[in-house]
Amino acid sequence: MPWPEGDKMEYPFSKIEPKWQKIWREKQIFNPGERTGRPKYYVLAMFPYPSGVLHCGHASNYSISDAIARLKMMEGYSVMQPMGYDSFGMPAENFAIQHNSHPRITTEENIAAMRGQFDSMGFGLDWDREVSTCRPDYYVWGQYLFKKLYEKGLVYRKKSWQNWCESCQTVLANEQVENGLCWRCHGEVSQKELEQWYFRITDYAEELLDFSKLTDWPERVLAMQKNWIGKSEGTLIDFPLEDGSEAISVFTTRPDTVYGVTFMALPPEHPLVQKWLAEEPDNHALHDFCRKVINEDKILRGAEDTTKEGVFSGRYCLNPLNGNKVQIWITNYVLMDYGTGAVMAVPAHDQRDFEFARKYGIPMLLVIQNFEQNLVLPEMAQAYVEPGIMVNSAPFDGRESEAAKAAISALIEEKGCGRVTHTYRLRDWGISRQRYWGNPIPVIHCPRCGVVLVPDEDLPVRLPENVQVGRTTSNPLLSVPEWYRVKCPQCGEDAKRETDTMDTFVDSSWYYARYADPRNDQAPFDPAKANYWLPVDQYIGGIEHAVMHLLYARFIGKFMRDLGWCDCDEPFARLLTQGMVTKDGAKMSKSKGNVVDPTYIIDRFGADTLRTFLLFASPPDKDSEWSDDGVMGAFRFLNRVWRLIESNLDTLKRGLQLSADLEDISAPLRGLLYSSHSTVKKWLDDCQHRRQYNTAIAAVMEHLNHCVAVKDPAGLSDADLAVYAEACGIIPQMLYPFAPHIAEELWQRLGFNELLHESGLPGYEEKYLVRDLITYVVQINGKLRGKLEVAPDIDPEELKKQAMAVENVKRSLEGWSVKKVIVVPGKMVSIVAGK
RNA sequence: GCGAAAGUGGCGGAAUUGGCAGACGCGCUGGACUUAGGAUCCAGUGGGAUUAUCUCGUAGGGGUUCGAGUCCCCUCUUUCGCACCA
């Protein structure tokens, strides 16, 4: 046990923390309505998966959001800070399997346990708005949203190649395949063509690239999203097959190299290749190669060091600009799901094509000569990818390649064999999951009518309860025929329910809006309420969600706007990506055995200590290192605050009734007056503008040190006591966002009747920031040589004179001649001297 | 490989607009009080030296400037993201 048992000298955190949590709850200070006559402020930290245990990451994350929420309350805002649970998903299913229970039961137990832990941290959460994604009153609207997306043409089914684990009978995401084996059962992973449901997020790609309203998002996140969407400008070109039956469409960013195309590269998955395979059952070379490549782990195949391989298809297509015959190769280095899934290969000017052509002896053609005019194909060790002068390109010879791009594209458009376009790296969002613990896709498959949406009056499609999780290797829903056997809502014939459930990212892509109206059973939310609360003014969460969740939520947000459900273009006006809490330099994890249990810290030192430590350890967006000694430091600090006020209560209460004229204040207390006002100024700047709570807390600590330095407060004059009482009184106010319980208790003991969030922000007056004397530093040639104290309004010439007269300066200047003297007002005198 | 961010005492971190580097906290050293310390209080705490002062010092090297942790160039290291994207 790292800490000894309690001590009589400690402040009674275990009494005051529950006391204030109860008072806040009873007074409903965290339950704002929509019409309060005050401006709204919506603070949201990403909702957690309900593991049942609060960990340091949660404690840190929600300490930040609560600090912001309470600050905004002090500022007079009507603040909403809701909480809920991202409770669907595989972890919940696995947790239930481990505990030999049902995910609904374990999830509800975990939620109850976590709620108690959140409350013991003293977070100002509006529990009236609690949502949990696995409850039917929430997921019904996810199904409704699915239907709306479907009706607007933004949902489709597509067959595509997926990582498939035979023994688990499920699709695996790319990151769930390790060295070609299933991460869970270590069985072989093959590629299987499966029908899956997709959301057409790419329809919104262009708008998602518009970051103009995200001015308060970290640059890093915007860069990652931009990178992820990956817009690329280029030209679409059709290469007709030799027999004229159809054409291969390619996307290229280098139309200037089109005369240099010597072969066409297709992946085995390409529809044309699949057609040829069917037509030529005896072409073993082709069949073997395609089977081999398709079954390769996608990640392995995509790795840069994978050798390029291919087979010649025996077929040709024609270059639409010069009619050249172009070999068609089936290769392993072209991606089916980027661009058109086909590449016009220009070996002289693309490194990948270059390597492939050299390996298989495919001809090359130089069409861009460098400006030195010294490129000779047989001598080239790599492709020439830079701009240059066009050659071997009929009408464009002699032109600069960059400039010719547009002209070539225009010619292609004129000939009707292509067009200028763009493509995205972003893929449509595959939302199908073959798992039980997720939101059922509200669809019925009818042999006659095809895909039929479940009618609104039959929503929600409820998850069946009588499912033995973990008993079957495949989707447990497939083992519940009484659930999936249904009549078609259209024709009444026997039909089958969709057994795929939705990706849990669907659930979390709109929850922020549900919080605005969480008990609505007629609609996802009332547009008026959504428009009142949205956008989220401050969103807080981990950087790991930079692309996935934050992109999905932006997409669904825009879709809900287009439906007229709300007016808001961007759901999250301001984003803070908080850092991780590490221990011994690594992320806390059970396997590393470096997990710290926050509930132990709360029991032993109180939530205020934990919160203060977490916020003081580092700026909110940086990782912070856990330190047992650091926790002790925070605890000591709060104890010092407690003692300062508690041991002088009567004196301070008397002092708070007094006021002081400046001229009656003694010199040491004038210093304290300055500390009060300059600290409040810095605290406000750190809290409101810089959002750097570690330095705000440091400023309070520094000010506390000044207060503690005043001995025998009871013996002070009335004027001095007034200053002293003010100096002590602002400490609870400045502590409130970070350590609200102790702040509230001391505030009450000082005789204030209102709660701290009603007290308003502490203020400062500029007139008390004016000092009688200010310190000037004297430098000679950039080196510190002396200091002097002078009146702030000193004449610069007089200042220079006095600076030269400083003993040490005078000595240092002996034998030197002064060349120049620079005065930086309020700061320093810089003397330039030479021999 | 490409892109981004970062590198400051024994440690976490400050230094906001180019102006006293190391605020604040931890740890450590010495002292006071004490039956005791894991409490509290006082003093000290970047390195070096010839210590009332001088000197070196913000990953390393160069530059701009009266003055650089901060701006510019090069190098190294770390972290993160992307990675055959046609």
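Here is how names work: the chains are called A, B, and so on, in the same order as the sequence lines, proteins then strands, and each is numbered from 1.
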In dot-bracket form, 5' to 3', how is RNA chain B paired? Count Watson-Crick and G-U wobble pairs only if both distances fall under 3.5 Å, and write | where the partner sits on another strand.
(((((((..(((......[....)))((((((.......))))))((((...))))..(((((..]....))))))))))))....

Roughly how far apart, to the nearest Å, are [N] and [M] at atom [atom1]?
N	M	atom1	answer
rA36(B)	rA52(B)	C1'	42 Å
rG9(B)	rG48(B)	P	15 Å
rG60(B)	rG69(B)	P	12 Å

Base, sugar-phosphate, or nothing for [X], non-hydrogen atoms under 4.0 angstrom?
X	result
Lys682(A)	base
Gln692(A)	sugar-phosphate
Gln779(A)	base
Asp621(A)	nothing

Determine the interplanar angle of the His706(A) and His703(A) rings, folded into 0 to 90°, and report it as parallel if under 30°, tilted if 30 to 60°, perpendicular if over 60°.
perpendicular

If the cut-off is 4.0 Å, is Arg425(A) near the phosphate of rA83(B), judged by side-chain N/O to OP1 or OP2?
yes

Phosphate oxygens OP1/OP2 of rU79(B): is one of them under 4.0 Å from a side-chain N or O of Arg220(A)?
no

Go through the N and O atoms of the side chain of Lys819(A) and the base of rC66(B), and report whether any donor-acceptor pair is under 3.5 Å.
no

Cation-pi geometry met for Arg643(A) and Tyr11(A) (6.0 Å, 45°)
no

Check the pair Phe505(A), Trp429(A) against ring-ring contact (aromatic ring centres under 6.0 Å, His included), reporting the backbone distance first and the verdict last.
CA-CA 10 Å; Phe505(A) 278 117; Trp429(A) 176 13; 7.3 Å; no

Hey, do the aromatic rings of Trp626(A) and Phe613(A) have their centres closer than 6.0 Å?
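Yes - the distance between ring centres of Trp626(A) and Phe613(A) falls below the 6.0 Å cut-off.
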
Name the orientation of the base relative to the sugar in rU51(B): syn if the glycosidic angle is within 90° of 0, else anti.
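What rU51(B) shows is a syn base, its glycosidic angle lying within 90° of 0.
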
